[in-house]
Amino acid sequence: MFGYYMPVKLKAGENIVTESPDGLILGSRAMIVTGRSSGKRSGALADVTAILEERSVPYTVYDRVENNPSIEAAAEGGAAAREYGADFIIAIGGGSPLDAAKAIAVYAANPPGNGFELYDIFKGVYENKPLPMAAIPTTAGTGSEVTPYSILTLHREQTKRSFSSPEVFFKTAFLDGRYIANLPLQTLRNTAVDALSHLIEGFTNKKSSPSSDYIALEGMRVLGGGLEILKDSLPPAELCTELLWAATLGGMVIAQTGTTIVHSMGYPLTYHKDIPHGMANGLLLGEYMRLADRELPWKTDLCLEALGLGSLDELCALLKLLLPCETAFTEEELAEWTKTTIAAKNVKTCPFEVTRGLEISIYKKCLL
Ligand code: NAP
Ligand code: FE
């Protein structure tokens, strides 16, 4: 038995926002949710405000979203949306603003304090419907534009955790490769490896199905050449479009399957050591593949073939080149983090049995 559900209307192409804006305006008063620089540097903010002004739609720009947004910051954004009277959201940015927008949409309609508390967002069911949202990704990695997930930083628990709800799928996502063309090379590499991680974790996941596998292999085929180019240089324009498409395909895969321990074990690296999300995954991905290879050798072979690589060693060497990491770790902190990571839901969807001892040994092999 298997199915496929991804209710986001996708619109892709050069200048798609300005030339075909239907699906962007989802109400009468907009809040644009973006990061400090992503909206401006990508050019997407200017395109969106031009359309809103042309159509006389009032809007406010909330550009205070930080990387790895916290639950408290999302609630503050929800209060700002309510105060402005926004009835829809346009999210512009990388995974951080897109994920923040999902939480802001929930909190705007369900203010914490009257029977709905801050952490109730993790229940995934809300009395009032979240505000409708459109998305414009400006990184090519998370696929958040097509997933029902939002990953929030929880300072109380010193980690990150995702909430999931079909109610926070975007209504529309606009994909334009031009918006990622200004990204620094290392951010492009980190985010491309996040996309790779989604494709591989989805493909090897216990919840994978013929439909998610089909998309995952296509995503790896699209991404393979791009990763090779990112070793040495910034991508040409047509490759930006491909990287973005591969990232969206990765999102479509994990929307069905979820991720695995690569993601849950990556969160402490980001929380405690400030390692970007995609890089955190990439540091662990090679060892994960070696373990998956023992259970599903035909699947790892298909991954390598789709990526245009000859062996797992080649994959590990590519990841090393793409992800230079100088951070030092101690054995004690790695063991400490596994107290939390072993409780993650996605431990159960790994293709191999995961124990705390195994997690410690993965961390040690990859990080010491
Ligand atoms: P990000 O945190 O959104 O952005 C990384 C950096 O890139 C920021 O400094 C940002 O600047 C900058 N930036 C973004 N677009 C730019 C552009 N076009 N030009 C120049 N700079 C730009 O990174 P991300 O990797 O896309 O997202 C990571 C987050 O997504 C994490 O919190 C992760 O847990 C989450 N995630 C979510 C899902 C999901 O399914 N929802 C899946 C995987 C990961 P500013 O901040 O100044 O704007
Ligand atoms: Fe991710």
task = Report the C-alpha separation of V354 and T260 in whole Å, then their side-chain angles, then the decisive distance to 0.1 Å, and conclude whether the side chain to side chain contact (heavy atoms under 4.5 Å, CB included) test is met.
result = CA-CA 10 Å; V354 181; T260 68; over 6 Å; no
inquiry  = For the residue pair K160 / T270, report whether a side-chain donor-acceptor contact shorter than 3.5 Å exists.
reply    = no
message = If hydrophobic clusters are built by linking Ile, Leu, Val, Met, Phe, Trp and Tyr wherever their side-chain heavy atoms come under 4.5 Å apart, do L196 and V146 end up in the same one?
response = yes
task = Measure the spacing between CZ of F88 and CD1 of I25 and express it to the nearest 0.5 Å.
result = 6.0 Å
request  = Determine whether L98 and L26 fall in the same hydrophobic cluster, where Ile, Leu, Val, Met, Phe, Trp and Tyr are linked whenever their side-chain heavy atoms lie under 4.5 Å apart.
outcome  = no
ask   = If you count the non-hydrogen atoms of other residues, nucleotides and ligands that lie under 6.0 Å from CG in D274, is the total more than 12?
value = no
ask   = Hey, what do you get for CE (M265) to CD1 (I342), rounding to the nearest 0.5 Å?
value = 8.5 Å
inquiry  = Donor-acceptor check, side chain of K365 to backbone of E287, threshold 3.5 angstrom: yes or no?
reply    = no
inquiry  = Hydrophobic clustering (ILVMFWY, side-chain heavy atoms < 4.5 Å, transitive) - are V125 and M133 grouped together?
reply    = no
query = Any side-chain donor-acceptor pair under 3.5 Å between Y59 and E53?
reply = yes
message = Quick one: does any side-chain atom of D63 pair with a main-chain N or O of T34 as donor and acceptor, under 3.5 Å?
response = no
inquiry  = Between R29 (side chain only) and T60 (backbone N and O only), is there a donor and an acceptor less than 3.5 Å apart?
reply    = no
task = Taking all non-hydrogen atoms of both residues into account, name the closest pair between D99 and I151 and its distance.
result = OD2-N, 2.9 Å
ask   = Can you find a pair of side-chain heavy atoms, one from L269 and one from M279, that are under 4.5 Å apart?
value = no
ask   = Using 4.0 Å as the upper bound for N to carboxylate O, is an ion pair formed by R290 and D313?
value = yes
query = Any donor and acceptor pair, going by atom type alone, linking the side chain of T159 with main-chain N or O of P268 inside 3.5 Å?
reply = no
query = To the nearest 0.5 Å, how far apart are OG1 in T300 and CG in L304?
reply = 6.0 Å
S165 side-chain N/O to G124 backbone N/O, donor-acceptor pair under 3.5 Å = yes
task = Answer whether the closest heavy-atom distance between the side chains of I275 and C325 falls below 4.5 Å.
result = yes
message = Taking NZ in K273 as the centre, count heavy atoms belonging to other residues, nucleotides or ligands within less than 6.0 Å. Is the count above 12?
response = yes
inquiry  = Can you tell whether the side chains of R178 and D47 come within less than 4.0 Å, N to carboxylate O?
reply    = yes
task = List the steps and the verdict of side chain to side chain contact (heavy atoms under 4.5 Å, CB included) for L323 and N190.
result = CA-CA 7 Å; L323 307 171; N190 297 341; 3.6 Å; yes
query = Can you get from I16 to L52 by hopping between Ile, Leu, Val, Met, Phe, Trp and Tyr side chains that sit under 4.5 Å apart?
reply = yes
ask   = CG of D232: more than 12 outside heavy atoms within 6.0 angstrom?
value = yes
query = Which atom pair, heavy atoms only, marks the closest approach of A44 to T138?
reply = CB-CG2, 4.5 Å
query = Relative to each other, are the rings of F352 and Y288 parallel, tilted or perpendicular (30° and 60° limits)?
reply = tilted
key: Aromatic centroids of F169 and Y5 separated by under 6.0 Å   = yes
Validation row: Y179, P137 side chains within 4.5 angstrom (heavy atoms) = no
task = State, yes or no, whether a side-chain contact exists between I362 and L291 at a heavy-atom distance under 4.5 Å.
result = yes
ask   = Do the ring planes of H198 and H277 sit parallel (below 30°), tilted (30 to 60°) or perpendicular (above 60°)?
value = tilted
ask   = Do V48 and F174 touch side chain to side chain, with heavy atoms closer than 4.5 Å?
value = no
ask   = Is L296 isolated, or which residues cluster with it under the ILVMFWY side-chain rule of less than 4.5 Å, directly or via members?
value = W298
query = Any chain of hydrophobic side-chain contacts (each under 4.5 Å) joining I32 to Y62?
reply = no
ask   = Closest heavy-atom contact between A173 and E145?
value = CB-CB, 3.8 Å
query = Would you say S212's side chain and S208's backbone share a donor-acceptor pair under 3.5 angstrom?
reply = no
request  = Report, as yes or no, whether the 6.0 Å neighbourhood of atom CD on E54 holds more than 12 heavy atoms from other residues, nucleotides or ligands.
outcome  = yes
inquiry  = Show, in sequence, the C-alpha distance, side-chain angles and deciding distance for F170 and I89, and conclude whether the side chain to side chain contact (heavy atoms under 4.5 Å, CB included) test is met.
reply    = CA-CA 9 Å; F170 290 101; I89 288 177; 5.9 Å; no
key: Distance-minimising heavy-atom pair for R64 and E76   = NH2-OE2, 3.0 Å
inquiry  = Within the 4.5 Å heavy-atom criterion, are W337 and E359 side-chain neighbours or not?
reply    = no
ask   = Hey, is E218 close enough to R221 for a salt bridge, meaning N to O under 4.0 Å?
value = yes
inquiry  = Would you call the rings of H263 and Y267 parallel, tilted or perpendicular, taking 30° and 60° as the class edges?
reply    = perpendicular
inquiry  = Does E305 have more than 12 heavy atoms from other residues, nucleotides or ligands lying within 6.0 Å of its CD?
reply    = no
Considering all heavy atoms, the nearest A181-C240 contact = CA-SG, 4.0 Å
inquiry  = Does K320, at its NZ atom, have more than 12 non-hydrogen atoms belonging to other residues, nucleotides or ligands within less than 6.0 Å?
reply    = no
key: Rounded distance [0.5 Å steps], OG in S209 versus OH in Y214   = 13.0 Å
query = Distance from Q256 atom CD to T147 atom OG1, nearest 0.5 Å?
reply = 10.5 Å
request  = Quickly, which of D293, N205, T204 forms a side chain to side chain contact (heavy atoms under 4.5 Å, CB included) with P351? Name it, please.
outcome  = T204
message = Taking L322's backbone N and O only, do any of them form a donor-acceptor pair with Q186's side chain (distance below 3.5 Å, no angle check)?
response = yes
inquiry  = So does S144 get a backbone contact from the side chain of K102, meaning a donor-acceptor N/O pair under 3.5 Å?
reply    = yes
task = Say whether N346 and T259, considering side chains only, have a donor N or O and an acceptor N or O under 3.5 Å apart.
result = yes
ask   = So, do D176 and V17 sit near enough that their side-chain heavy atoms are less than 4.5 Å apart?
value = no
query = Taking C-beta and beyond as the side chain, do Y271 and H155 meet within less than 4.5 Å on heavy atoms?
reply = yes
query = Would one find more than 12 heavy atoms of other residues, nucleotides or ligands at under 6.0 Å from atom CD of E353?
reply = no
query = Quick one: does N128's side chain have a donor or acceptor within less than 3.5 Å of a partner on N110's backbone?
reply = no
task = Could you walk me through whether T257 and T349 pass side chain to side chain contact (heavy atoms under 4.5 Å, CB included), step by step?
result = CA-CA 9 Å; T257 62; T349 56; over 6 Å; no
ask   = In terms of heavy-atom contacts, does CD of E83 have more than 12 from other residues, nucleotides or ligands at under 6.0 Å?
value = no
note = For S233 and L185, the nearest pair of non-hydrogen atoms, with its separation, is O-CD1, 3.6 Å
task = To the nearest 0.5 angstrom, please state how far the OH atom of Y363 sits from the CG atom of L283.
result = 10.5 Å
key: Whether R189 side chain and L321 backbone form a donor-acceptor pair below 3.5 Å   = no
